[in-house]
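Remember, predicted model here, so these are calculated numbers, not experimental data.
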Amino acid sequence: MPFRPRTAVSGAILATAAVLLCPAAAAARPAAAPAPPGWSAAPAPGAGAAPRAQDRPFFYLEGAPGTVLADRLSLSNPTGRTVAVRLRGSGAWLTLASKEVRIPPRTRASVPFTVTVPRDAVPGDRSGALLATGQAGGRAAVPLHLRVTGPVLSALTVEKVSVRGAGGSAVIRYTLVNRGNTVLRPRIAVRADGLFGPVLRRAARTLPSALAPGRAVDLTETWPGPPALDAVEVRLTATAAGGAHGAATASYTAVSWGVLAAPALLLAVAAGGLAAVRRRRRGAGPGGTRGEQAARRTAGGARPSGGDAADAAAELAGTGPGARG
């Protein structure tokens, strides 16, 4: 798409131009600096007219991925001496026809430049600047705003959700991923449901930083006072402008050592008593314990010896000692 200069750009475009022309320029967001007396830099007007700030205070270009956009930078020298100015762009997409220009006295120089939009560039707004530095001092920065045209997709996912307890609180960890081609400001909501009903409700809130296309960020949520004994399902829901929506869940089983201490003690006592009974039975042998054997002997009385048994039988037959006389 050919370059189309515009005399006005809406405040919304300027507000959303947050991503620079390339990663290398991400940290360089130059603010316009006043040029030193004697020379100036501004977007070049058409039809040979002198550039004025109210005509084009900045460059605005738009085009589809794979296109090359062209424009011109105007350098004015109204003084009576030659001025040397070095030029550079804030991003790799910018290419200037010359990196240094000597401007004769009372002359205006026009320097062409191009912006090459990569074929894999995602649609959206970007910003940068053309920087001019005088060899004798002074600096000027002319802002450049670029819109990459194409279908806009807003997509967001919640991944790697986990819950870990520590002391009297729990920590919910998760990852947000921007799967679309627009800059998002996600909102996150948290809820948790246990076996007996809701245990956590946290309304959606906007995260403090924007999420660029293709980027992922690891985040945490602190959960003070989770249940001491429950099986909980934690659900995180993320939303953003453009219909972006993502959700994920994680299970969390809360068990308090204080709650488990009493049952564990009872089990230990019962197991010890059962072991003692088994040891006593093993020591008594097949006839029972020694006390049980003695009791059986006392209850049955003493058995007669062999001679006493014979005398009793003879008396019954009338032949024993008791039968005479």
Side-chain angles (χ1 to χ4, degrees), residues 12 15-19 23 26-27 122-125 151-277:
T16 55
V19 182
V122 296
D125 296 319
V152 175
L153 173 64
S154 297
L156 185 65
T157 59
V158 184
E159 303 175 6
K160 301 178 182 178
V161 181
S162 65
V163 187
R164 296 288 184 272
S169 65
V171 177
I172 305 169
R173 301 182 185 276
Y174 61 99
T175 301
L176 285 183
V177 185
N178 186 344
R179 300 291 183 183
N181 56 19
T182 62
V183 177
L184 300 178
R185 283 195 169 272
R187 292 170 57 82
I188 192 76
V190 186
R191 64 177 293 168
D193 296 290
L195 295 176
F196 308 103
V199 294
L200 176 64
R201 291 291 186 270
R202 191 167 292 174
R205 74 183 194 283
T206 303
L207 297 179
S209 58
L211 190 59
R215 295 294 182 88
V217 58
D218 297 324
L219 299 169
T220 60
E221 295 277 338
T222 302
W223 181 8
L229 181 63
D230 203 350
V232 180
E233 181 182 77
V234 179
R235 181 178 183 86
L236 286 90
T237 303
T239 57
H245 179 277
T249 62
S251 298
Y252 172 60
T253 302
V255 179
S256 171
W257 288 109
V259 173
L260 292 181
L265 180 60
L266 291 176
L267 289 174
V269 171
L274 181 60
V277 171

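- Residues Pro227 and Val232 meet the side-chain proximity criterion, which asks for heavy atoms closer than 4.5 Å.
- Once rounded to the nearest 0.5 Å, the distance linking CD1 of Ile188 with CZ of Arg205 reads 8.0 Å.
- For the atom pair CZ (Arg179) and CG (Leu184), the distance works out to 12.5 Å, reported to the nearest 0.5 Å.
- Remark: Asp193 engages Arg191, Arg201 in a side chain to side chain donor-acceptor pair (under 3.5 Å) (not counting sequence neighbours).
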Distance-only criterion, 3.5 Å: show the donor-acceptor pairs between side-chain atoms of residues 235-244 and protein atoms not counting sequence neighbours.
none

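- When side chains are defined from C-beta on, Val190 counts as touching Leu200, because their heavy atoms get closer than 4.5 Å.
- Put simply, OH on Tyr252 and CZ on Arg164 are 10.0 Å apart, with the number rounded to the nearest 0.5 Å.
- In plain terms, the two heavy atoms of Pro186 and Ser209 that are nearest each other are CD-O, 4.3 Å.
- Rounding to the nearest 0.5 Å gives a distance of 5.5 Å between CG of Leu153 and CG of Asn181.
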For residues 167-176, please give each side-chain donor-acceptor pair under 3.5 Å, one per line with the distance, not counting sequence neighbours.
unit_1, atom_1, unit_2, atom_2, d
Ser169, OG, Ala166, O, 3.4
Tyr174, OH, Glu221, OE2, 3.4
Thr175, OG1, Asp218, OD1, 2.7

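- In terms of heavy atoms, Ala247 sits closest to Val158 at N-CG2, 4.0 Å.
- What you find for Ala210 and Val183 is that their closest heavy atoms are CB-CG1, 3.7 Å.
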